[in-house]
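Treat the numbers as computed from the prediction; the structure is a model and nothing was measured.
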Amino acid sequence: MTHEALMREAIRLSRQNVASGEGGPFAAIVARNGEILAVGTNQVTSLNDPTAHAEIVAIRNACRILNAFELKGCDLYATCEPCPMCLGAIYWARLDRVFFANTRHDAASIGFDDAFIYDEISLAVSARKIPMTSLLRDEALAAFRDWQRSTTKKPY
């Protein structure tokens, strides 16, 4: 399928998601070599899961199908520019490319504004709106040392 055909399918899925009442107006497709590998639609409200954005759902589905935690060689088609959470997942999944339709400004215009998250990320931990306090760091560092010494770890 062409890039445009894959995006049109993602757009169709997003509109279907709105019509069904299952979630917001977002969908994503993970494709490899122009073939759909996995899809995802926004399921935040239907699953009561704030992480169930379309991109995250599609990435999870693709990883399950491939039995892998990386999606090298795959592209993501999203009906909207990915939010900070989804952007992080995209990088961790190591997708090759991302194509998106609507911009984050388009999303903000209908009430999906994530600009405050971009702003929060750039602040010092002590200046963020949600109080964040480091606790038991010295004890927690033991797990990091265990990881460094492990001979069975699978780096990611």
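- Annotation: side chain of P25 is in contact with side chain of F112 (closest heavy-atom distance under 4.5 Å).
- Judged purely by atom type and a 3.5 angstrom limit, R97 has no side-chain atom pairing as donor or acceptor with the backbone of D75.
- Judged by distance alone, the side chain of T79 and the main-chain N or O of A27 form a donor-acceptor pair under 3.5 Å.
- A distance of 9.5 Å separates OH in Y156 from CZ in R94, rounded to the nearest 0.5 Å.
- Side-chain atoms of K154 and F69, non-hydrogen and from C-beta on, do get closer than 4.5 Å to each other.
- With hydrogens and angles disregarded, no donor-acceptor distance shorter than 3.5 Å links the side chain of R137 to the backbone of L135.
- The backbone N or O of A78 lies less than 3.5 Å from no partner atom in the side chain of E55, so there is not a single donor-acceptor pair.
- Using a 4.5 Å heavy-atom cutoff, the side chains of L13 and I29 are in contact.
- Listed for the E81 side chain is a donor-acceptor partner under 3.5 Å among the backbone atoms of R104.
- Rounding to the nearest 0.5 Å places CD1 of I117 at 11.5 Å from CZ of R128.
- Of all the heavy atoms in I65 and A38, the pair that sits closest is CD1-CB, 4.0 Å.
- Remark: the backbone N or O of G73 is paired with a side-chain donor or acceptor of D96 at under 3.5 angstrom.
- Checked by atom type and distance alone, the side chain of D113 pairs as donor or acceptor with a backbone atom of A115 at under 3.5 Å.
- Between M7 and E4, every side-chain heavy-atom pair lies at or beyond the 4.5 Å cut-off.
- Going from atom CG of L71 over to atom CG of L37 covers 7.5 Å, rounded to the nearest 0.5 Å.
- Looking only at side-chain heavy atoms (C-beta outward), V57 and T41 stay at 4.5 Å or farther from each other.
- In the model, S14 has no side-chain atom that pairs as donor or acceptor with a side-chain atom of N17 under 3.5 Å.
- For the pair I59/I90, a side-chain contact is recorded, criterion being any heavy-atom separation below 4.5 Å from C-beta on.
- Transitive grouping of hydrophobic side chains (ILVMFWY, heavy atoms separated by less than 4.5 Å) brings I11 and Y77 into a common cluster.
- Considering NZ of K72 and CG of L66, their distance stands at 13.5 Å, rounded to 0.5 Å.
- Test D114, V98, I56 against P82 for side-chain contact (heavy atoms from CB on, under 4.5 Å) and you get one pass: V98.
- For CZ of R60, the number of neighbouring non-hydrogen atoms (other residues, nucleotides, ligands) closer than 6.0 Å is greater than 12.
- Within the 4.5 Å cutoff, the side chain of W147 has heavy atoms near those of the K153 side chain.
- Interatomic distance, CZ of F116 versus CD of E120, reported as 8.0 Å (0.5 Å rounding).
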